[in-house]
Amino acid sequence: QVCLVWPIPAGHTAVRGMPVWDQLGPRWAEMCRGAGTSTFLWSHDGQKRNGWVEMQENGRLLTSWCEGSWKVVDEDVIDMSFGSSRHLCRFRDGGFVVEDKVLLRSGKPSYKP
């Protein structure tokens, strides 16, 4: 199961100036700056868009479900933790892919094949 995510187009109500770009790795920062936002549409199954996530300054994460946190793991990977899971999100041209999902409580993988 793969989660695909795309930036929300410019003009969306969530778009505003984003100092958060300075806190991201270079490719993430370029993608967000180019899209004019650090808000992404979320697609839990890789096809149907069912929510959004917005990276804010200092590791604050807003989602359509709840608040959470984010942190840079390496140049291409951001850990987005919200709800019951930690989502390891790898940069991909035009968005990102959740390459691993782990339960926060137990640390066990929570992707279902």
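None of the values given here were measured: they were computed from a predicted structure.
- V73 and L61 fall into different hydrophobic clusters, defined by Ile, Leu, Val, Met, Phe, Trp and Tyr side-chain heavy atoms under 4.5 Å apart, directly or through other members.
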Would you tabulate the side-chain donor-acceptor contacts of residues 27-34 under 3.5 Å, counting partners in other chains and residues two or more places apart, or write 'none'?
unit_1	atom_1	unit_2	atom_2	d
R27	NE	D76	OD1	3.1
R27	NH2	D76	OD2	3.2
W28	NE1	D76	O	3.1

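- The shortest side-chain heavy-atom distance between W52 and F40 does not fall under the 4.5 Å cut-off.
- Shown here are the side chain to side chain donor-acceptor pair (under 3.5 Å) partners of D74, two or more places apart in sequence or in another chain: there are none.
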Inset, instruction - Kindly indicate, with the supporting measurements, whether the criterion side chain to side chain contact (heavy atoms under 4.5 Å, CB included) is fulfilled by M55 and L24. - result: CA-CA 10 Å; M55 291 182 287; L24 302 172; 4.0 Å; yes

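- Counting heavy atoms from C-beta outward, S38 and Q56 have side chains that stay 4.5 Å or more apart.
- Rounded to the nearest 0.5 angstrom, N58 CG and W70 CH2 are separated by 8.0 Å.
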Inset, instruction - Check the pair N50 / W42 against side chain to side chain contact (heavy atoms under 4.5 Å, CB included), numbers first and verdict last. - result: CA-CA 6 Å; N50 65 322; W42 191 271; 3.6 Å; yes

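- Using a 4.5 Å cut-off on side-chain heavy atoms (C-beta onward), L62 and V53 make no contact.
- Closest non-hydrogen pair, Q23 versus G59, comes out as OE1-N, 4.2 Å.
- In this structure, L103 shares a hydrophobic cluster with no other residue, the cluster being traced through Ile, Leu, Val, Met, Phe, Trp and Tyr side chains under 4.5 angstrom apart.
- Here E67 pairs with R60 under the salt bridge (Lys or Arg N to Asp or Glu O under 4.0 Å) rule; sequence neighbours left out.
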Which atom pairs, donor and acceptor, lie under 3.5 Å between side-chain atoms of residues 82-89 and protein residues at least two apart or in another chain?
unit_1	atom_1	unit_2	atom_2	d
R86	NE	D79	OD2	2.6
H87	ND1	M80	O	3.0

